[in-house]
Amino acid sequence: MNIKRVTYFALAAFAFAASCSKEAAEPNVYDWADGKIYFKTSLSDVAYSRAQDMTLDRLESFQVTCFNTADRYTDQAGFLSPYFENATFIRNVNSGLGTYVSSPAEEPRDWPSNNGFLRFFAFSPSLSVMTDVNTALEATDNKEYFNLINSTTQLQSSVNIGYRLGKVRINPDILHQFDFVTAEAAGTRLNDFMGGVELAFSHKLCQVELKAWGASEDYNFEIAGVRIGNPVVEGTFVFADDADKASAGRWDSGNQPVMDRVEYIYRGDKASGAETEPSVGDRIFRINSQEHSSMEMAASIMGQGGCAMVIPTVNDRWEALADPNIGATPYSTDRMYFSILMRVTDKGNGSVIYPYSGKNNGMVVISYAVDSSGNIVRQLYAGQAEGSYFYDPELQQPYVAAEGEEIKDFGWAAVPVDADWSAGKKYIYTLDYSAGIGLHDPADTDPGKPIGGKSPISWGVTVSGWDNATPDGDEYTPDLDVPGKGDKK
């Protein structure tokens, strides 16, 4: 057998809560009349589906930059320096007002003595959180990413504010992604020192969740991972652009958006030897024809990674076998698809239908040791000999399954989709596995080929979550057939 295997290294745990915590104890009492800047915030509290979803009760801190539009001091190039930049404001738990005050670990942030008009730009999480354990940056110069860029200029009696966060890069591991929220406000000491400046935060990424159901007469399905192929993963967020008001508060992904795949590979718990893994491992998701027999009974297959969060994306579906470049070697596509890491067995005799075994097909296969309850014990690495597995990708430590454990192989099965995703919306895709399996992933040597030659599967999508994203008040449930045997699209 000559099956290509892939190694997934453990990632450091996402330390969102720690990064947002206070670095120093705050005083018990604040004198709001002494000229200090503070904020009162709002953010829609919605049912969240991942540890990183930002809600108001989780908004422990945020970063703020502001410009004093009454300032007349610029550098030689005419740029106006911020009144303060990337300052940390933390929740004031002692005031009982739901307010956020300047972090005691930093210098005080006071209103200007001239009662200048300040414009504030706030965001969360911090730059360090967005950069931390971001595997997309491992092979790059981190200095290119997550930079605050000021292009604010003073023009005679007016100020044109230009301010953005450059080269935001989304983490390819869904477990370690962040929820990016921003707010803009303006104020003066005279009007706002007693009540605080109101900051209304909003979500600037879009959220994607995959669910599955099926009542297949032929197959049993087990799922161990999800992949979202070719969403936008890099862009600049423009907080303000007074020279072009239409550009403010939005993403700029350039003329050639950077698209890549993001994914969550199910994993074992810390007992498997990796401190960065979840304290409780994932369980293999089995599509049960009784429990998941209709679209209404579909269940999430995102595992402990939670919903994916990506930059708003517009992309056509992957053409699969209809792609005129399908025969290229190596093959790649920039079109949209999902791929599900699955194991498919015959209901009649229990034989493994997918992934294939004993064939030189260049498939990516991921192996797990699974206990009798379907809990993942650990990921394994296949040796050269048939049926041999190892703890480590270097194949130095042989693995022998314990009593009650079974070693299972999983392969990727793709579903072409299209995307028109907006910031602050949640998109829930429901995959129907009643009549098919899917297509070979674009990374396989037979990309787009129907798996098992079965009938098409279909999917629908509903749009909900943070904001109402249902277009024109109608249900947004387009159908799509994944090509089956004999189909050419």
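Atom set for the values below is all heavy atoms of this structure, side chains included, hydrogens, waters and symmetry mates excluded.
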Could you walk me through whether Glu85 and Thr65 pass the side-chain hydrogen bond (donor to acceptor under 3.5 Å, both in side chains) test, one step at a time? CA-CA 4 Å; Glu85 184 173 25; Thr65 294; 5.0 Å; no
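- Under the 4.5 Å side-chain criterion, counting only non-hydrogen atoms from C-beta, Val370 is not in contact with Val377.
- Side-chain N/O atoms of Asn349 and Ser351 include a donor and acceptor closer than 3.5 Å.
- Looking at Ser373, its side chain never comes within 3.5 Å of a backbone N or O of Asn375 through a donor-acceptor pair.
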Begin from the C-alpha positions of Asp371 and Ile376 and carry the test side-chain contact (heavy atoms from CB on, under 4.5 Å) through to its verdict. CA-CA 7 Å; Asp371 69 17; Ile376 292 176; over 6 Å; no
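- For the pair Arg91 and Tyr100, the minimum side-chain heavy-atom distance is below 4.5 Å.
- Residues Phe239 and Tyr163 place their aromatic rings such that the two centres sit under 6.0 Å apart.
- When all heavy atoms of Ser422 and Cys206 are compared, the closest pair comes out as O-CB, 3.2 Å.
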For Glu406 and Arg343, run salt bridge (charged side-chain N to carboxylate O under 4.0 Å, His left out): C-alpha distance rounded to whole Å, both residues' side-chain angles, the deciding distance at 0.1 Å, then the answer.
-> CA-CA 13 Å; Glu406 182 179 1; Arg343 170 185 168 96; 3.8 Å; yes
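- Side chains of Ser367 and Asp409: a donor on one and an acceptor on the other come within 3.5 Å.
- Here the CG-CD1 distance, from Asp446 to Ile451, works out to 10.0 Å after rounding to the nearest 0.5 Å.
- Smallest separation of non-hydrogen atoms from Gly383 and Phe390: CA-CE1, 3.7 Å.
- Within the 4.5 Å cutoff, the side chain of Asp418 has no heavy atoms near those of the Met336 side chain.
- When ring centroids are compared, Tyr399 and Tyr391 come within the 6.0 Å threshold.
- With Asn147 contributing its side chain and Ile149 its backbone, the two residues share no donor-acceptor pair below 3.5 Å.
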Less than 3.5 Å apart, which donor and acceptor atoms pair up between the side chains of residues 323-331 and the rest of the protein, not counting sequence neighbours?
from: Asp323; atom 1: OD1; to: Asn325; atom 2: N; distance (Å): 2.9
from: Asp323; atom 1: OD2; to: Tyr331; atom 2: OH; distance (Å): 2.7
from: Tyr331; atom 1: OH; to: Trp318; atom 2: NE1; distance (Å): 2.8

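- A ring-centre distance under 6.0 Å is not found for Tyr381 and Tyr389.
- Panel note: side chain Asp444, backbone Pro447; no donor-acceptor pair is recorded below 3.5 Å.
- The CZ atom of Arg335 sits 9.5 Å away from atom CE of Met259, with the distance rounded to the nearest 0.5 Å.
- Gln304 CD to Asp269 CG: the interatomic distance, rounded to the nearest 0.5 Å, is 9.0 Å.
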Quick one, His292 with Phe221, criterion ring pair (Phe, Tyr, Trp, His ring centres under 6.0 Å). Give me CA distance, side-chain angles, the key distance, then yes/no. CA-CA 11 Å; His292 313 120; Phe221 292 89; over 10 Å; no
| task | Walk me through it: do Ser216 and Asp218 pass the test side-chain hydrogen bond (donor to acceptor under 3.5 Å, both in side chains)? | result | CA-CA 5 Å; Ser216 172; Asp218 301 316; 4.9 Å; no
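- For Lys167, the NZ atom counts as densely surrounded, since its 6.0 Å shell holds more than 12 non-hydrogen atoms of other residues, nucleotides or ligands.
- At least one donor-acceptor pair under 3.5 Å links the side chain of Glu405 to the backbone N or O of Ala402.
- Taking the six-membered ring for Trp and thresholds of 30 and 60 degrees, Trp251 and Phe237 have ring planes more than 60 degrees apart, a perpendicular arrangement.
- In this structure, the separation between CD1 on Ile223 and CD1 on Ile287 is 4.0 Å, given to the nearest 0.5 Å.
- A salt bridge is absent between Lys204 and Glu184: the closest approach of a Lys/Arg side-chain nitrogen to an acidic carboxylate oxygen does not fall below 4.0 angstrom.
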- Message: Using the rule given for ring pair (Phe, Tyr, Trp, His ring centres under 6.0 Å), can you reason through Tyr264 versus His176, listing the C-alpha separation, both sets of side-chain angles and the distance that settles it, and then say yes or no?
- Response: CA-CA 10 Å; Tyr264 178 68; His176 298 293; 9.0 Å; no
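- Exactly one of Asp179, Val208, Asn171 qualifies for a side-chain contact (heavy atoms from CB on, under 4.5 Å) with Met309. That residue is Asp179.
- In the model, Thr313 has no side-chain atom that pairs as donor or acceptor with a side-chain atom of Asn315 under 3.5 Å.
- When ring centroids are compared, Tyr354 and Tyr219 stay outside the 6.0 Å threshold.
- For the pair Thr131 (side chain) and Ser128 (backbone), a donor-acceptor distance under 3.5 Å is absent.
- If you look at Phe121 and Phe123, their ring centroids are not closer than 6.0 Å.
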Exercise for review: Any chance you could lay out the side-chain hydrogen bond (donor to acceptor under 3.5 Å, both in side chains) test for Ser339 and Asp441, step after step, and finish with the verdict?
Suggested key: CA-CA 7 Å; Ser339 209; Asp441 188 271; 2.7 Å; yes
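- The aromatic rings of Phe89 and Phe62 sit parallel, their planes meeting at an angle under 30°, below the 60° perpendicular limit.
- For Lys347 and Glu217, the salt-bridge test fails: no basic side-chain N is under 4.0 Å from an acidic carboxylate O.
- Electrostatic pairing of Arg267 and Asp173 counts as a salt bridge here, judged by a charged N lying under 4.0 Å from a carboxylate O.
- Distance CD/Gln177 to CD/Gln207: 10.0 Å, rounded to 0.5 Å.
- The 12-atom threshold is not exceeded at CG of Asn255, counting heavy atoms of other residues, nucleotides or ligands nearer than 6.0 Å.
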side-chain contact (heavy atoms from CB on, under 4.5 Å) between Val344 and Tyr433: does it pass, once the steps are laid out?
CA-CA 11 Å; Val344 184; Tyr433 285 97; over 6 Å; no
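- In plain terms, the two heavy atoms of Asp432 and Ser434 that are nearest each other are OD1-OG, 2.7 Å.
- Of the charged side-chain nitrogens involved, at least one lies within less than 4.0 Å of a carboxylate oxygen, so that Asp260 and Arg169 count as a salt-bridged pair.
- Side chains of Thr88 and Gln63: a donor-acceptor N/O pair is present below 3.5 angstrom, by distance only.
- Between the side chain of Gln396 and the main chain of Glu394, a donor-acceptor pair closer than 3.5 Å is present.
- Residue Gly448 comes nearest to Ala320 through the heavy atom pair CA-CB, 4.0 Å, listed as atom of the first residue, atom of the second, then distance.
- Between Val365 and Pro355, the closest heavy-atom pair is CG2-CB, 4.2 Å.
- Aromatic ring centroids of Tyr368 and Phe410 lie under 6.0 Å apart.
- With values rounded to the nearest 0.5 angstrom, Ile228 atom CD1 is found 5.5 Å from Phe338 atom CZ.
- A pairwise comparison of heavy atoms in Ala423 and Pro312 identifies N-CG, 3.6 Å as the closest pair.
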The test is side-chain contact (heavy atoms from CB on, under 4.5 Å); show your working for Arg227 and Leu341 and say whether it passes. CA-CA 8 Å; Arg227 171 180 294 167; Leu341 185 62; over 6 Å; no
| task | For the pair Leu165 and Val168, evaluate side-chain contact (heavy atoms from CB on, under 4.5 Å) and give the outcome as yes or no after the intermediate values. | result | CA-CA 7 Å; Leu165 177 58; Val168 176; 3.7 Å; yes
